[in-house]
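The structure appears right after this line, and notes come after that.
Since the model is a prediction, treat every value here as computed from it, not as a measurement. Here is the naming used below: chain letters follow the sequence lines, and residue numbers restart at 1 for every chain.
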Amino acid sequence: MAKRMRNRDIAGYCERLANLLEIDGANPFRVRAWRNAAETMAGLSQSVADLVESDIDLTEYPHIGRDIAEGVRTLVTTGHLPPLDEIARRVPPELADLMQVQGLGPKGVKALYEQFQLHTLDDLERVAREGRVRELSGFGARKEAALLDGIRQLRATGEQRTRLADAEPVAAPLRDRLAAIPGVTEVTIAGSYRRRRATVGDIDLLVASDNGEAVMERLVEDDDVERVVSHGATRSTVILGDGLQVDARAVAPDSFGAALLYFTGSKRHNVALRQRAVDRGWKLNEYGLYDGDEPLEAASEAAIYRRLGLDWIPPELREDHGEIAAAESGSLPELVTVDAIRGNLHGHTDWSDGKDTLEAMIDAARERGHEYIAITDHGPRVRIANGLSPERLAEQADAIDAVAAEYDDITILKGCEVDILADGSLDLPDEVLARLDIIVCSIHYELRRSRAEQTERVLRAMENPHFMIWGHPTAREINRRDPIDIDMDRCLQAAAERCIAVEINAQPKRLDLSDTNARLALEKGCRIAVDTDAHATRHFDLLRHGIDQARRAGATAGDIINTRNLDDLRNLLRSRA
DNA sequence: GCCGTTTTCGGCCCGACTGTTTTCAGTCG
């Protein structure tokens, strides 16, 4: 068995093969087939390697047929993707990486390779600096400069996507500035931003105006704009000072709905919708839904969905994960909202590594209308966070009792975020845990252990009857730290069987569980806790980021334990023991 | 290479922008 592959790795191989096939001039539909399969696997909540190991037929999944299933099976077991090895004999595999340079596609890479025998980004940079790229037919001085720009940018940002919460404070003000332009009736940030993905690759700004040209003029002149990549009458691309790319499109107000649908995506969702239109003898594009040349609907998303026989689908669900079938049968889930949350079950005070006092945290929860709040400072193992010993935990309990007496509008739950040690034991003894109302169990250390070890670690911890909520289950930090390697399928199954809730941690750097893992958790029958893991009063406002991911997983209020009233919540937690 | 209640063969999204090949190919989303 080769080193265990993550879905992301497998998708990477398929994507690489697709790039090389494209450079080689293969049938474009064959290229797309591998890309589609890559996307399917990247978005799958189950581990593809597990599926292969369990002999599950991969062709059950969309866009994976006999050949690709066979290739992936071989890849997982041997570390080799045969068609990739085959093409690598003719096309240097490193060329696939050159396609990441903005403005450089398969044709360009092929031409550069044939002319200069260049393989790598460094080769390309050298040839471009020497001014030789412009000699090539189809290239010129401007293209050469653009490629150098593209190389610089690729080196600066890599493939890294921007966290949604980091994109918001840049994108929203720009949106508001465009909205203030005379004649603009509406501006919406579409794309993965509107679908609330945890990270965004760029910002898709959609503007409704009868004078798109004026909007584009204003955009490229904006103070935040560092570089203009393209600039047209209805469409422009700019790079902002912090490196974030913005794709802006202007459309007439009466086709805003169709454009919004189109530019919100996902690509997969759009393809499925267009197919549905074609099945009815119509055509759907960014300008509207048409019967021949006759426009049927365009002004609103809801009207277009309705005409296609579908309920309006919330953007968070538009990933082609079965939402279209659900919209057809009227069985879309009623997604949870921020307002449905009655309390936060994971948060810290200055007793451990929180910034604010017990009283301040309670007041912050009251200001947000919460009915209860759990105080879950760290257990002793997390020493750097000033984790609480049993003695200090007892002191804190007295402090909570004293404070609680002053409030009649909120209930304070005594809790702890205990550490799951490497051997699966918890960092506080059972008799201490037994005195608490709520116990969040999380992994903070020893993140690089093997999959088998991590799985055993968590399964063993879950045997403890005091394990109530699995906190930030994979310990990932977006763009900074990979998730731990663990058999999520088995652990979520165990959580479901033991009535353990799994957390969606709303800290923007975590968002852990991820949307796909949260979806898997729901499929397994787990209940979910959406928690802020607040370390300061202002962190209560991060809740919406966790709710975004819960919605992307298709969660209703009923799936979330902290939408329950206090009695129901207590019963749920007690059913654990 | 995938897919399928009009199909196991013949489809597979397409429009905007750029730069360069003076009429369009390549790239992108």
Side-chain angles (χ1 to χ4, degrees), chain A residues 14 17-19 21-23 25-40 58-72 81-83 87 98-112 133-147 149-150 190-193 200-206 212-213 216 220 228-238 245-251 255 258-259 261-290:
Chain A
C14 296
L17 172 59
N19 283 355
L21 286 169
E22 206 172 20
I23 292 167
N27 175 347
F29 298 108
R30 188 175 167 218
V31 174
R32 190 187 299 171
W34 282 99
R35 291 228 167 94
N36 283 336
E39 206 177 315
T40 294
L58 294 178
T59 65
E60 301 284 313
Y61 295 93
H63 308 287
I64 300 180
R66 209 194 55 202
D67 288 12
I68 293 183
E70 183 53 36
V72 168
L81 183 59
I87 198 170
L98 292 181
M99 281 179 56
Q100 286 169 24
V101 177
Q102 191 164 43
L104 195 55
K107 297 287 171 20
V109 170
K110 187 176 166 72
L112 288 162
V133 166
R134 67 183 73 177
E135 301 162 4
L136 213 55
S137 154
F139 290 77
R142 297 170 76 109
K143 187 83 181 173
E144 188 176 82
L147 291 184
D149 248 357
S192 45
Y193 187 102
V200 298
D202 59 16
I203 296 295
D204 293 293
L205 264 175
L206 183 64
E213 236 169 317
M216 294 300 141
V220 298
V228 179
V229 178
S230 72
H231 176 196
T234 64
R235 175 173 178 166
S236 299
T237 298
V238 299
Q245 175 168 318
V246 174
D247 292 323
R249 282 105 167 173
V251 297
S255 60
L261 193 58
Y262 188 87
F263 293 118
T264 297
S266 67
K267 204 182 294 175
R268 284 281 187 87
H269 181 83
N270 286 349
V271 167
L273 283 187
R274 278 196 297 270
Q275 187 57 51
R276 202 176 167 85
V278 169
D279 291 346
R280 286 162 174 68
W282 301 332
K283 186 179 79 166
L284 177 64
N285 61 25
E286 62 261 56
Y287 300 107
L289 181 63
Y290 296 90

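Shown here are the side chain to side chain contact (heavy atoms under 4.5 Å, CB included) partners of Ala272(A), two or more places apart in sequence or in another chain: Asp320(A), Ile324(A). Considering only residues two or more places apart in sequence or on other chains, Arg276(A) meets the salt bridge (Lys or Arg N to Asp or Glu O under 4.0 Å) condition with Glu328(A). Ser192(A) pairs by the side chain to side chain contact (heavy atoms under 4.5 Å, CB included) definition with Arg161(A), Arg195(A), Arg197(A), Val200(A), not counting sequence neighbours.
Within the 4.0 angstrom heavy-atom criterion, no nucleotide atom of any strand lies near Pro28(A). Nucleic acid contact class of Phe263(A) (heavy atoms, under 4.0 Å, all strands): none. Heavy atoms of Glu70(A) sit nowhere under 4.0 angstrom from any nucleic acid atom. Here Asn27(A) lies in heavy-atom contact (under 4.0 Å) with a base. The residue Ala141(A) sits close only to the backbone: its heavy atoms come under 4.0 Å of sugar-phosphate atoms, none of a base. Ala233(A) comes within contact range of the sugar-phosphate backbone alone, with a heavy-atom separation under 4.0 Å but no base atom that close. Using a 4.0 Å heavy-atom cutoff across all strands shown, Leu284(A) reaches no nucleic acid atom at all.
Spacing of P atoms, dG29(B) relative to dT21(B), comes out at 24 Å, to the nearest Å. dT27(B) sits 14 Å from dT20(B) when the C1' atoms are compared, rounded to a whole Å.
Between Asp204(A) and Arg249(A) a salt bridge is recorded (basic side-chain N to carboxylate O distance below 4.0 Å).
Side-chain N/O atoms of Arg235(A) include none lying less than 4.0 angstrom from OP1 or OP2 on dA16(B). Between Tyr262(A) and dA16(B) there is no side-chain polar atom (N or O) within less than 4.0 angstrom of OP1 or OP2. Proximity of Thr234(A) to the phosphate of dC17(B): a side-chain N or O atom is located under 4.0 Å from OP1 or OP2. Between Gln275(A) and dC12(B), a side-chain N or O to OP1/OP2 separation shorter than 4.0 Å is absent.
Side chains of Asn27(A) and Arg32(A): a donor-acceptor N/O pair is absent below 3.5 angstrom, by distance only.
Taking atom CG of Asp247(A) as the reference point, atom P of dG15(B) lies 19 Å away to the nearest angstrom. At whole-Å resolution of the value, CE in Met216(A) and C1' in dA16(B) are 11 Å apart. As a whole-Å value, the separation of Leu21(A) CG from dC2(B) P is 12 Å. The distance from atom CD of Glu60(A) to atom P of dC2(B) is 14 Å, rounded to the nearest whole Å.
Applying the 90° cutoff around 0 to the glycosidic angle, dT20(B) is assigned anti.
Put simply, the side chain of Asn285(A) and the base of dG15(B) share no donor and acceptor less than 3.5 Å apart.
A 3.5 Å limit on both hydrogen-bonding distances identifies dC12(B) as the Watson-Crick or G-U partner of dG1(B).
Contacts of residues 101-111 of chain A with DNA chain B (heavy atom under 4.0 Å): Val101(A), Gln102(A), Gly103(A), Leu104(A), Gly105(A), Pro106(A), Lys107(A), Gly108(A).
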For residues 282-289 of chain A, which side-chain N or O atoms pair as donor and acceptor with protein atoms under 3.5 Å away, sequence neighbours left out?
residue, atom, partner, partner atom, Å
Asn285(A), OD1, Tyr287(A), N, 2.8
Asn285(A), OD1, Gly288(A), N, 3.1

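Applying the salt bridge (charged side-chain N to carboxylate O under 4.0 Å, His left out) test to every pair with at least one member in residues 137-146 of chain A, sequence neighbours left out, gives these pairs: Arg134(A)-Glu144(A).
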